[in-house]
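One-based numbering, in listed order, for ligands and for the atoms of each.
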Amino acid sequence: MHVTHLSLADFRSYARVEVPLDPGVTAFVGANGQGKTNLVEAVGYLATLGSHRVSSDAPLVRMGADRAVIRAAVTQGERSQLVELELNPGKANRARINRSSQVRPRDVLGIVRTVLFAPEDLALVKGDPGERRRFLDELITARSPRMAGVRSDYERVLKQRNTLLKSAAMARRHGGRSMDLSTLDVWDQHLGRVGAELLAQRLDLIAALQPLADKAYADVAPGGGPVALEYRSSIGAGADSVRTREELYELLIAALMEVRKQEIERGVTLVGPHRDDLLLGLRGMPAKGYASHGESWSYALALRLASYDLLRGEGNEPVLVLDDVFAELDARRRERLAELVAPGEQVLVTAAVGEDVPGVLAGTRYVVSAGEVERL
Ligand SMILES: Nc1ncnc2c1ncn2[C@@H]1O[C@H](COP(=O)(O)OP(=O)(O)OP(=O)(O)O)[C@@H](O)[C@H]1O
Ligand SMILES: [Mg+2]
């Protein structure tokens, strides 16, 4: 798929901007702080309902405005669609498809697909487990948009189960009535069912991603690998053994039973996909804490390139977004990366210095300056 037109209103630094886009490569070039990343961030938002830079929507709305609108025309094969999201910080966001009546924001997932690489991705390697869980879950959703429903079901069940545990913990501390454990049993089953589905998808994803990540790392950092992706599950279900959803359900339920006493004491759910991590290994060591800055950066890029490969291979060609990637690479690696991504259906690149973008990526160029986006 590719985006044929991007239109923003009160998004970040833009009061209004219209950007027609071609398939192939488009480079946004301009000095620091001119609004290049803001453009690709908007495209990424349509694909994930979140920003790769901030966790809340408020900074995405232009200072002084009270809502932002991101609109994109999208072409997939013969089919064209118009998606629109209205961001209302503090209130529910709104969404429309093809100007028709409103749909849930979640319903637009799958129309725009992106794989976005940005300097913030260093946190994939160096950051907390939550960063890696988000990476996995966003990719799961890109592979299969219905997983957005599973993810939000999991969040909801987890929240309700935690509320129940918290009130049990409070009651215990204040010598109140002990809780009715059968209610907890019901929530265990909900958590087990949805959690097992999420787990199964993550494990399947990691198995598919592993060889691609290894290959991508070799492309960006020749001779620097190998890389190994290993799922660290709070219920001991690693990617080492293939497990069915039923098995994962049983494991999750058993793990919940095992920690039940502590959970009631602490008032929080201690096992499940929300406590898991993806271990990133590099030459037999964990990348986190061991890898150099350059290696960590290459690793993050390799994970994104592997994601891109995976989605393309499955017929879900996404838009590839490379935010500020070329400045970090030496000339040889720049050329390699450029050759790798040049055949993509649509590649959006940002760079502060035009010369950093390799010649093979000659395509459409825009100059971004003080909120103006002008085609060269
Ligand atoms: N909500 C907002 N309202 C108004 N301006 C904003 C808002 N959020 C960010 N900005 C402005 O947008 C600019 C940053 O834009 P952006 O991140 O796209 O820059 P860039 O061109 O990618 O720069 P760099 O080359 O440094 O990455 C900053 O000047 C910032 O002040
Ligand atoms: Mg930028």
Are more than 12 heavy atoms, taken from residues, nucleotides or ligands other than R133, located less than 6.0 Å from that residue's CZ atom? yes

How are the rings of F28 and Y366 set to each other: parallel, tilted or perpendicular (split at 30° and 60°)? parallel

Between the candidates R12, K36, Q34, R53, which shows the shortest non-hydrogen contact distance to atom 17 (O) of ligand 1? R53

Decide whether the shortest distance between a heavy atom of G35 and an atom of ligand 1 is less than 4.0 Å. yes

Electrostatic pair D10-R67, nearest N-O below 4.0 angstrom: no

Donor-acceptor pair, distance only, cut-off 3.5 Å: does the side chain of D330 make one with the backbone of R333? yes

Nearest non-hydrogen protein atom to atom 26 (O) of ligand 1, with distance, is N32 ND2, 3.2 Å

Answer with yes or no whether D324 contacts ligand 1, where contact means a heavy atom under 4.0 Å from a ligand atom. yes

Under 3.5 Å between any N/O of G33 and any N/O of ligand 1: does that happen in this structure? yes

Identify whether the distance between the nearest side-chain nitrogen and carboxylate oxygen of E265 and K261 falls below 4.0 Å. yes

Residue pair E197, Y249: steps toward the side-chain contact (heavy atoms from CB on, under 4.5 Å) verdict: CA-CA 8 Å; E197 187 156 12; Y249 173 83; over 6 Å; no

Could you identify the single nearest non-hydrogen protein atom to atom 22 (O) of ligand 1 and state the distance to 0.1 Å? T37 OG1, 2.7 Å

If I take every N, O or S atom of T37, is at least one of them less than 2.8 Å from the Mg ion (ligand 2)? yes

Rounded to the nearest 0.5 Å, what's the gap from OG1 on T114 to CG on L348? Could you check? 9.5 Å

Please report which non-hydrogen protein atom sits nearest to atom 5 (N) of ligand 1, along with the residue it belongs to and the distance in Å to one decimal place. S13 CA, 3.6 Å

At what distance, to the nearest 0.5 angstrom, does CZ of R334 lie from CD of E328? 10.5 Å

For ligand 1, the portion of V61 having any non-hydrogen atom under 4.0 Å away: backbone

Contact check: P59 vs ligand 1, nitrogen or oxygen atoms, below 3.5 angstrom: yes

Which protein heavy atom lies closest to atom 3 (N) of ligand 1, and at what distance to 0.1 Å? M63 N, 2.9 Å

of all protein heavy atoms, closest to atom 15 (O) of ligand 1 is N38 ND2, 3.1 Å

